[in-house]
Every structure is written in C-alpha cells, then in structure tokens.
Protein chains: 2
Amino acid sequence: MDEIIERIEKELRESGKKSSRTRRKVIEVFFSCGGHLSVEDLYREVKQRYPDIGYVTVYRTLKVLEELGYATSLDVGDGSTRFETALRQHHDHLICTVCGRIYEFFEPEIEVLQNLVARKNDFRILDHTLHIFGICKECQK
Amino acid sequence: MDEIIERIEKELRESGKKSSRTRRKVIEVFFSCGGHLSVEDLYREVKQRYPDIGYVTVYRTLKVLEELGYATSLDVGDGSTRFETALRQHHDHLICTVCGRIYEFFEPEIEVLQNLVARKNDFRILDHTLHIFGICKECQK
DNA sequence: GATTAAATTGAAATTCTTTTTCAGAATAGT
DNA sequence: ACTATTCTGAAAAAGAATTTCAATTTAATC
Ligand SMILES: [Mn+2]
Ligand SMILES: [Mn+2]
Ligand SMILES: [Zn+2]
Ligand SMILES: [Zn+2]
C-alpha cells in the first residue's frame, strides 16, 4: 500500500510535479476504500478523516490517478462517473439496476472474441467496456 | 417508414397520449437520418427542415421513442448521450477515439458467453453494452 | 534557515448537458 | 363549439464536470 503511493509520487516527481501531503491522503483513502466510487463518494470518505480537504482536490487526484493508470473510470449510467483501482486484473461488470450493486467478472473467451472482431474490422483496440445490466441474485428474492 | 410512425402513434394513443404533428416530424427526421445522434445533432437536423420546433421537443421525442423501445441510447464517452434506431438487430460498437466514427458488429458467441456469465452469477440480464474503443482502419493510415 | 519559482489547494465561478416548470397552443372527445 | 388533457417552446433549474484565481505549500537554491 505504502509502496504503491511511493511509486505514484515518484512518477509524479519525475514528470515535474510535486508530492503533496493532501494528495497523498486522498490516494490513501481511495485505495483503502476499494469499490466503485464517485468523486462525491470518495470526497465523503476523505472528509470524514480529513475535514479540511476540498472536493476539487479529490476530483483532481482521481484524474491524476487515472492518467497515470492507477485508477479506471467507468460509467454505470447513474449520472456520475465512478472510479476503481486499476491495480487488479482487468474485468467487466454486472450492474444491478435495482440496488445499484456492481459485480465483477472476467471471461477470457469474450476477450479473445473481441480481438477477433477487431481484427476482422482492421480496428486497433485500446480499451473496452462490457457492462451487463440486470437484476442481481439478492434482488431477485 | 410511414407504417412505423403509424405504429408508434397508435401505441401512444393507446396509452392516453395524443399524436401531434410536431412529434411526428421529429420522428420522421430521426428515422430518416440514421446513425448515432445526440439530442443536439437531431435538433440541428430538425431545425433545418422545421425551424419552429424547439430543442425540448426533440429531447422529449427521443425519450418517448426510447421508452417505447423504438430508440436506444448509448454513451460513447464524449459528453452527450447518443440515440439510434432500435428497429435493427441488436449489435455492439467499435468506437474510434480519433475520428469519433462508430462501427457496428454482432458476435453471437459473445452473446452466448454473456448469458453463461450471468447464469454463473445468478444474474438476470436485462440489457448490456459492449463498447470497444480504439483506432479505426481509416485513422490508422 | 531564508529566498524564490513552480505546483497545489479550496472556494467560487463557469461550462455543458440533462431535466423540470409553466403559460399558451394543439388535440381528442362530447 | 366546449372541455379536459396533452403537447410545445422558452426559460429556469438541476447536476456533474471543469476552470479560474488568490493564497498556500512544496522543492530547489542560496
Ligand atoms: Mn470493477
Ligand atoms: Mn449502433
Ligand atoms: Zn441488486
Ligand atoms: Zn477513426
């Protein structure tokens, strides 16, 4: 955990930025929270521990993390962008339209087929998102 | 084309709505345009032929079409929601991050695998979106 | 440790899309 | 025609994302 933040701050310093106490705190809270957080979500968490940190810094920190490849943003269609750590393996999402819970899955065969589709269309893949919307196990009860 | 609009207006009337000249015009333009249009896009097209029609009516008409299942909305991550006809077969999208062009594909095996994933997770699928982002053939030149 | 240049911060302002409100116009039924 | 309800367009509001800017913090230099 600390080593990850070290790595991030190092990358930042190497690109002429400075490492600030505030940003470090936001990053810590982000990775310790886990899950799929909106800026607002993370801001609330941060505020609890560090009441002086502002919304914009949380917003900017998430942007930085995304740019450096340590966070991924996803749009689950509920109005606000969500962010999750990019330290774990790539995966796609099952999104419950009843409770909003987000489940994760990884299906290698789908990934392979995507590459096939891309090749057929002479398309160079940079990224993809597969969102499956529906009703989760809990909400079916 | 006219028969589709007839069907839509019929459905509307059956649910206590009225059929208006204005909405009919917007629907006509929408289906005749084709493609993946934002509200703004369609508004521009409508404005050209019918200068008196307002933005909000275009917005509302697209909403109605979506509710009735005649249009589908998709978010390609460029800030505004896009709409396309739902009269054609389901498909997914290849989105060029250079030129913004949107290509379509349908891969039955991916669909099958999605159902498999859902079953494994006791998840009842209602919908899904698979967006592949990258560089299209044209833009690779 | 003081000095300085550059980056960071938080609040406020701005931008941009989406959505709601509301008074007047159009529509459908009597 | 009369009436009730829906529809329309402009304007306002809502909401998220982003920018601006003065004050503060940081990193490097003296
Ligand atoms: Mn995830
Ligand atoms: Mn399409
Ligand atoms: Zn659920
Ligand atoms: Zn392209």
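Just so it is clear, the model here is predicted, and its values are computed rather than measured. Just so we're on the same page: letters track the sequence lines, and every chain starts at 1.
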How many Å lie between CD1 on Ile53(A) and P on dT24(D), as a whole number? 17 Å
Starting from Tyr103(B) and following side-chain heavy-atom contacts under 4.5 Å between hydrophobic residues (I, L, V, M, F, W, Y), which residues can be reached? Leu94(A), Tyr103(A), Phe105(A), Ile110(A), Leu113(A), Leu116(A), Val117(A), Phe123(A), Ile125(A), Leu130(A), Ile132(A), Leu94(B), Phe105(B), Ile110(B), Leu113(B), Leu116(B), Val117(B), Phe123(B), Ile125(B), Leu130(B), Ile132(B)
Within residues 24-38 of chain A, those residues having any heavy atom closer than 4.0 Å to DNA chain D are none
Nucleotide by nucleotide, nucleotides 24-30 of chain C touches protein heavy atoms under 4.0 Å in the pattern (B base, S sugar-phosphate only, - none) ---BS--
For Tyr43(B), enumerate each residue passing the ring pair (Phe, Tyr, Trp, His ring centres under 6.0 Å) test, keeping only those at least two apart in sequence or located in another chain. Tyr55(B)
Under the salt bridge (Lys or Arg N to Asp or Glu O under 4.0 Å) definition, can you give me all pairs with a residue in residues 46-67 of chain A, not counting sequence neighbours? none
Round to a whole Å and report the spacing from CG of Leu12(A) to C1' of dA6(C). 15 Å
Along nucleotides 15-21 of chain D, 5' to 3', which nucleotides get a B, which get an S, and which get a -, given that the test is a protein heavy-atom distance under 4.0 Å? -SSSBB-
Those residues that, when tested against Glu3(B), pass side chain to side chain donor-acceptor pair (under 3.5 Å) (two or more places apart): none
Contacts of type side chain to side chain donor-acceptor pair (under 3.5 Å), residue Asn121(B), not counting sequence neighbours: none
ILVMFWY clustering at 4.5 Å (side-chain atoms), partners of Phe133(A): Leu74(A), Val76(A), Ile95(A), Ile102(A)
Residue pairs passing the salt bridge (Lys or Arg N to Asp or Glu O under 4.0 Å) test with at least one member in residues 132-141 of chain A, sequence neighbours excluded, are Lys137(A)-Asp122(B), Glu138(A)-Lys141(A)
Linking directly or through intermediates, with side-chain heavy atoms under 4.5 Å: list the remaining ILVMFWY members grouped with Val98(B), chain and number order. Leu126(A), Ile135(B)
Apply ring pair (Phe, Tyr, Trp, His ring centres under 6.0 Å) to His93(A) and list each qualifying residue two or more places apart in sequence or on a separate chain. His36(A), His91(A), His131(A)
